[in-house]
Amino acid sequence: MEDESSNPLRRMSSRTRKVAPKMVAALASSDNRTQAVLARLEALENDNAGTEVGDLNDDDEASLDDDDDDGYMHKKQSKSTKRKTRQAKALENARKAPRTFLELLHEANLESLPPHIPSYSRAAVGPPSSTSRRHFCTVCGFTATYTCVKCGMRFCSRRCQNIHNDTRCLKFVA
Amino acid sequence: MTGVVVLDNGGGLIKAGHGGDLDPTAVLPNCLLRPLSSKKFLHPDPLGSHSTAALDLTSAAVRRPIDRGYLINADLQRDIWAHLFTSHLRVSTPSSCLLLTEPPFTLPSIQRATDELVFEDFNFKSLYVADSASLVHLYEASTSPQGLVSKAQCSLVVDCGFSFTHAAPVFQNFTLNYGVKRIDLGGKALTNYLKELVSYRSINVMDESFLMDDVKEKLCFVSLDVDSDLQLARKPGQDNVFRCSYVLPDGVTFTKGYVKDPEAAQRYLNWTDESHSTSGGTIIDVEKPESAEDRKRIDLTKNEFDLTNERFLVPEMIFRPADLGMNQAGLAECIVRAINSCHPHFHPVLYESIILTGGSTLFPRFAERLERELRPLVPDYYQVKITTQQDPILGVWRGGSLLASSPDFEAMCVTKAEYEELGSARCRRRFLR
Ligand SMILES: [Zn+2]
Ligand SMILES: [Zn+2]
């Protein structure tokens, strides 16, 4: 079967924006810990942390359409645009939205360069030589000896565990 | 004579001014901001401006043209530059040359978009693209002509900036690309990490990037001994030398936050000096650690929050990214790998000519900690010498200013006519060796 549905990656990428919260939840059930780590690292590069990662582009563009009367970054949208369905608008925004660095990187296809040519990918420092990793309690910062079975985050004591369960558990995945 | 605009276009800060000057004319955030009080995105004030109408940046939304260190939004950058050139530098771009910084390994598609901005939108007369490491090397070599950097013609520049950290060997004013190593952590990630810690432990500051930048700059430092400092940070009340309070803006009297007792915030400097020098094995009495609930209660009744171990756990990431779950080596190993990629002939002199630049090297004790981590990784018969630039934020710009005023500069540039004839890709080859 070589149709589109046989390629899970492609199917995902075209729908990521729309189904993001659901998909994230689904992924979370299969591999919470990896997802939590990735989501956390991604969050460290965010500009507007209050905004959900998946909605960031939509949100930015929407605010410009409505608020930007100087025609700063984009030509002012015609009135008709505002009457378009939300879906059509989202599609349009996705097309004109600047691509992220990771998208441009993917497009540049650096892997095709001959191995002796230095590149962005090859300049990454690479994994540490020691595999030991220190763990700090995500609640109080002290050395943590326990791991949450649901999300993999660390805590140092029963007290911190309770706070974790109440306020933070699966925050980055759900 | 044509003036040269020197533009260090950082992901966090733009440093811009006139070639030949000692310091840049303007240093300002490379972004647009939308404060709560505004419906539009606005240009930020330059740093150090004392205008009475300063923007209240509480919960401001931000848009940046640079993502992970690279220029990805040319439209936004055009807007920011246009404002910069007319309102701050007051230059006419068609009669100026541009010296522009660009990070190593910028993708060809990004270089093309940049060249379009420079030549098609702003009509600059000519362009020279420089990397920050070579400019830092140039500046350091020229400020101490008798120093090793100048005599040996090489150095290892560690640039720990807003978006990422690079260790780059430089030889005869050229960065050796095959030796450049990168850690994907910089000041932006550190501020976000601090936001995360404070939001979880005391009060929600997830939307307060500018406030937390200030907290980071004023209160974070690098620990020389994390385990012992973690113990110390558990002490309750005033016995805890790391404890300090930061007062949030109230939007009425104060539109900016401030450190409650700046003197007390510096106590740790004296205390740890003493303890590290007098006793070999440090034994610390840990009294009953105060509960997180206690801290929460205090924070909610007053308009402030306390920091303790956050102060050193944040910069700690640069030294151990693995603690965060990143599969990357820390700064000391990064330097060793950069140097090991060079010919062994260079190794001794590179270890002896390490230059720190970039805003994230400003944390107290950064160089000291780095030296402690680096020393055991380097063969005994090599010297390790680490120099922090006098002003790590302006160092790159100053090197650019120096280069722009050198007699060879004009010949190194690509002119608009050449760009139009040859296109971006062929012009870019000029900037390589
Ligand atoms: Zn804890
Ligand atoms: Zn959990």
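Letters A, B, ... mirror the listed sequences (proteins, then strands); counts begin at 1. Everything numeric in this text was worked out from a predicted model, so none of it was measured.
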Self-check item: Portion of B:Ile66 that has a non-hydrogen atom of chain A nearer than 4.5 angstrom
Solution: neither
Quiz item: Checking heavy atoms, do the side chain of A:Ala108, its backbone, both or neither come under 4.5 Å from chain B?
Solution: side chain
Quiz prompt | Segment of A:Leu105 engaging chain B (4.5 angstrom heavy-atom cut-off) | solution = both
Quiz item: Is it the backbone or the side chain of A:Ser119 that comes under 4.5 Å from a heavy atom of chain B, or both, or neither?
Solution: backbone
Practice problem: May I ask you to check whether over 12 heavy atoms, not counting those of B:Arg337, lie within 6.0 Å of atom CZ? | Solution: yes
Quiz item: Measuring heavy-atom distances to chain B, does A:Leu104 have an atom under 4.5 Å in its side chain, in its backbone, in both, or in neither?
Solution: both
Exercise. Report yes or no: is the cationic atom of B:Arg182 (NZ for Lys, CZ for Arg) closer than 6.0 Å to the six-membered ring centre of A:Tyr120, at no more than 45° off its axis?
Key: yes
Quiz prompt | Point-to-point distance, once rounded to the nearest 0.5 Å, from CG of B:Leu36 to OG of B:Ser59 | solution = 4.5 Å
Self-check item: Region of A:Phe142 in contact with chain B, defined by heavy-atom distances below 4.5 Å
Solution: both
Quiz item: Taking the six-membered ring of B:Phe164 as reference, does the NZ or CZ atom of B:Arg68 fall below 6.0 Å from its centre and within a 45° cone about the axis?
Solution: no
Self-check item: Set of salt bridge (charged side-chain N to carboxylate O under 4.0 Å, His left out) partners for B:Arg320, sequence neighbours left out
Solution: B:Glu373
Quiz item: Is it the side chain or the backbone of A:Ser157 that comes within 4.5 Å of chain B heavy atoms, both, or neither?
Solution: neither
Self-check item: Between B:Asn309 and B:Arg201, a side-chain donor and acceptor under 3.5 Å
Solution: yes
Quiz item: So what's closer than 4.5 Å to chain A heavy atoms on B:Leu107: side chain, backbone, both or neither?
Solution: side chain
Quiz item: Given a strict heavy-atom distance threshold of 4.5 Å, which part of B:Leu313 is in contact with chain A: side chain, backbone, both, or neither?
Solution: side chain
Quiz item: Which bit of A:Arg134 comes within less than 4.5 Å of chain B, counting heavy atoms only: side chain, backbone, both or neither?
Solution: both
Exercise. Please assess A:Val125 against B:Glu333 for the test side-chain contact (heavy atoms from CB on, under 4.5 Å), listing each intermediate value before the final yes or no.
Key: CA-CA 8 Å; A:Val125 65; B:Glu333 271 198 85; 5.7 Å; no
Quiz item: Ring centroid separation for B:Tyr70 and B:Phe105, is it under 6.0 angstrom?
Solution: no
Quiz item: For chain A, which of B:Lys181, B:Glu208, B:His166 has the most heavy-atom pairs under 4.5 Å?
Solution: B:Lys181
Quiz prompt | Region of B:Asn204 that comes under 4.5 Å of a non-hydrogen atom in chain A | solution = neither
